[in-house]
Every structure is written in structure tokens, then in C-alpha cells.
Amino acid sequence: MKKKVLAALLCAAMTVGVITGCGGKADTPAASDAAAGDNKEAASDGAEAPKQEDTEKEAEKEAENVADAAQEAVGDLSDANIAVFYYTYSDTYIASVRTALDAQLDSLGVTYQDYDSNSNQTTQNEQIDTAIQTGANLLIVNIVTSGSVDASQTIVDKASAAGIPVIFFNRAVEGDEDEGKVLGSYDKCAFVGTDAPEAGHMQGQMIGDYVVENFDTIDLNGDGKITYAMFMGQLGNVEAIYRTQYAVEDANKVLEAAGKPALEYFDSSNSDCYQVDQDGNWSAVAANTYMTTNLSQYNEGNGNMIELIICNNDGMAEGAISALNDKGYNLGDGTSTTIPVFGVDATDAAKQLIADGKMTGTIKQDAEGMASGIAFLAQNAASGKELMDGTDSYNISPNVANKIYIPYAAYTGE
């Protein structure tokens, strides 16, 4: 994968924001409300004339020239009618992407409408049908069934039949074994997301380094081993699979190199070595429920306390920390015992938990960077350009030319 620095997209978005006006957007909380809400209306083009012209006529002429040049650069966005589909509004990270993307689309001055698929692929498919029937000419899709070729191809086929572009984001549209199959089936299709294994590798390195440095403190029962709990977001999800695998594998490589024993899963009867959110929502509630139950059996009183917690996202980390707080751990008061908790996303809530001394670290999944990448492609589509036009400065997959990767970054505080 070629690693390049992201382009100054925000500057371009701000330029468009000057050229076009701002407006509102509409949300659709469920399938029954798929077409509900007020659409955001595109504003007319224009630009302020320079203030220091000799005559009013010259000023007006200059303003016209500026507006014409800018419009030629970005294309006419007035006909854009964008439908944005989120797998669920309840996911904390997705909520942050939604906030950032709304702001980006606002700056472009386009008509758009958000849809909440509420973790149901059938609902999402029906919403897409409704959006196309009511005039959407660009689809932006956070697919519900991550990694499913059947689910993603169905959406691509809907877009292709309507002759409109589709931009997938965040959740994989195909597995490694089918890489490029869906994204290569339609020339008006692209993906903006992350290199799935990267977060797991980064988290594993972070965990390994921390455990080596603090081994004796973490080893609460002094048995020379560190027991861990792992909270997995969703079975079959590519991101969840790689995070679960590499967070432990890479941490153990660091431990081995330092002459320390490998991490040991706290429940020897669980051969999977993880607890999964059965609803597939990567939720704080699921992790809290699991952790509360775990602590009733695995605790300091019994000499088998869980000494490290690894979470596939920050939402589950929040839930685990809440359960720990209820038992007097991770209070951030300088006196209570702190169990190291690691997550992924670097949400605002997680950053605050780290600042408060209740959480140890996370891997930043750049919501604003992802929103900017999506908006860049949306602007291309709305301007009649090729989707991937001008994306050379992004991290492009070496295997699939229409797949953009937004880099991760380690976060342990500011």
C-alpha cells in the first residue's frame, strides 16, 4: 500500500462553502420514515466583489469573474440529490462520521438526506429503493452486512440500474478473498474506509509495549501472567476479525521479545477467546453486561481478576469501564486500582476517559478524515467528474484502484 499524505481537502471544501450557500438536512430514523424529513436545498452561486475597486461596475465584473472561475473548478452542484445510509445511528463512531459528513455536505451546499438503517440490511435496501424512486442521484452507503458480496452487489446493481454513482464507506463491501469483485463491477463505484488489519496491529503494539513496561503492576495476583478479556464487535465483520486477532498476536510478539509470557484469556472454557456483541452493534451495553457477569466470578477476591481489557471499539471500552467503576476500579482518583482498557476509534468520550485516567489507550479512526474523503468523491460525482479524479494524494489500495484508505493513529492522550 502506498502511503501518501492526505490532500488539503478541507481547504477545497471551504472554498466551495464560500461559493455556495448553506442549508439544512433531513434524517429518517426508520424504514417507515425513509422518505420523511426536509431535504437540504442547494444554494445559488455567487461571490463577494473585492472591496477596493475604483468603480462599482469594475467591482461587479470582478465578482462575476471570480464566481465563474470557481464554478468551473468545482462543477455545478445545484442538481445534486444525495442519499446517505448509515448502518445504525447508535454506533458512537458512526455518529461522529455522520456529524462530520453532514458538515462537509453543508459546506458543499448540496441537497442530501440521511437514513438510519437500524442494523437491518432489508431496511437499508428498501431505503435505497425509496431514495432512488424519489430522485436521489448519488448514494453514500455504510452497508449493514459488512463483508457480504451478495449484500453489496445488490446495492451496486440498484445504483447501476439507475445510472447513478455509489460510494461505500467504513464497513467492508467484500472480504479479502473477493477483493475487487464488487468494486470492480461498476465504474461509478468507490469505497472510503480503512486498511482493516492496521488497527489490530497498532493496538497490539500499544498493548504489548504497555504491558512490558507495567507488567508487575498489571499482574494483580502475582502469578507471573496477565489475563485478559476481549470484546468483539460483530461476528463476520472484517474490522472486528482483524482487531481481535492482531491485538493479541502482536501484543504477544512484543511480550515474547521482552522475555515475558503471552497473554492468557481469562476464561479457559471459552475456546474463541472473545465475547461478541450478539446484536452486532459494538455496543457499550453489551460489553457492560459481559463485564459485570465476568467480575462476579473473576475478581481479586477469588485471586483470578481480569487484568487487561481489549475492545474492538471505544463504545465497548466505555461499557467495560462502567462495569469496572461499579466495582471500585478505574475511578481515576489516584487511589483505586486501574485495569488497563484499550479500544479503537478515539471518540470524544474515549479521549475524556483517557484524560480522566480511566482508560489507557485507543487507536484513532479518523472520522473527519473519512468524512472529507467521502465528500471529495461526492463533489466529483455531483460535478460530473470521475469518482476517483484528483485522489492521487490519498492512500489508495495497491490492489483496488477505487478503494481509499484513511490511516489510523495511536492515541494515549494529548
**Message:** Ring-plane angle category for F85 and Y115, please: parallel below 30°, perpendicular beyond 60°, tilted otherwise.
**Reply:**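 It falls in the parallel class, under 30°.
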**Request:** Measure the acute angle between the ring planes of F231 and Y290, then classify it against the limits of 30° and 60° as parallel, tilted or perpendicular.
**Result:**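 Rings of F231 and Y290: parallel, under 30°.
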Can you list the residues that meet the ring-ring contact (aromatic ring centres under 6.0 Å, His included) rule with [X], with sequence neighbours excluded?
| X | value |
| --- | --- |
| Y87 | none |
| F342 | Y210 |
| Y329 | none |

Return the minimal non-hydrogen interatomic distance between [X] and [Y], and the atom names on each side.
| X | Y | result |
| --- | --- | --- |
| S383 | L77 | OG-CD2, 3.3 Å |
| N312 | G233 | OD1-N, 3.1 Å |
| A346 | K351 | O-CE, 3.4 Å |

**Asked** Is the F168 to F191 ring centre distance short of 6.0 Å?
**Response**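 That pair fails the under 6.0 Å test.
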**Message:** Can you confirm if the aromatic rings of Y228 and F266 lie within a centre distance of less than 6.0 Å?
**Reply:**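 So the answer is no for these two rings.
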Any pair with a residue in [range] that passes salt bridge (charged side-chain N to carboxylate O under 4.0 Å, His left out), sequence neighbours left out, goes on the list, sorted by first then second residue, please.
| range | value |
| --- | --- |
| residues 203-212 | none |
| residues 171-187 | E179-K403 |
| residues 222-231 | K225-E264 |
| residues 233-249 | E239-R243 |

Is it the case that the side chain of [X] and the backbone of [Y] share a donor-acceptor pair, with hydrogens and angles ignored and the cut-off at 3.5 Å?
| X | Y | value |
| --- | --- | --- |
| N313 | G343 | no |
| N299 | G301 | yes |
| N137 | I82 | no |
| S336 | L331 | yes |
| D219 | G222 | yes |
| N237 | A240 | yes |
| N330 | I321 | no |
| S397 | Y405 | no |
| S117 | S119 | no |

side-chain hydrogen bond (donor to acceptor under 3.5 Å, both in side chains) partners of [X], counting only residues at least two apart:
| X | result |
| --- | --- |
| T154 | none |
| S152 | none |
| S283 | D277 |

**Asked** Can you list the residues that meet the salt bridge (Lys or Arg N to Asp or Glu O under 4.0 Å) rule with E307, with sequence neighbours excluded?
**Response**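 E307 satisfies salt bridge (Lys or Arg N to Asp or Glu O under 4.0 Å) with no residue once adjacent residues are dropped.
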**Asked** Taking only residues two or more places apart in sequence, or in another chain, which ones meet D129 in a salt bridge (Lys or Arg N to Asp or Glu O under 4.0 Å)?
**Response**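 So D129 forms a salt bridge (Lys or Arg N to Asp or Glu O under 4.0 Å) with K158.
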Note, [X] side chain near [Y] side chain (heavy atom, < 4.5 Å):
| X | Y | answer |
| --- | --- | --- |
| V212 | V254 | yes |
| I339 | M305 | yes |
| P261 | L255 | no |
| F169 | V141 | no |

**Asked** Does a donor on one side chain and an acceptor on the other come within less than 3.5 Å for D267 and S269?
**Response**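 Result is yes, a qualifying pair exists.
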**Prompt:** When you measure from the centre of the six-membered ring of Y408, is the NZ or CZ of K364 under 6.0 Å away and within 45° of the axis?
**Reply:**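 The answer is no, since K364 fails at least one limit relative to Y408.
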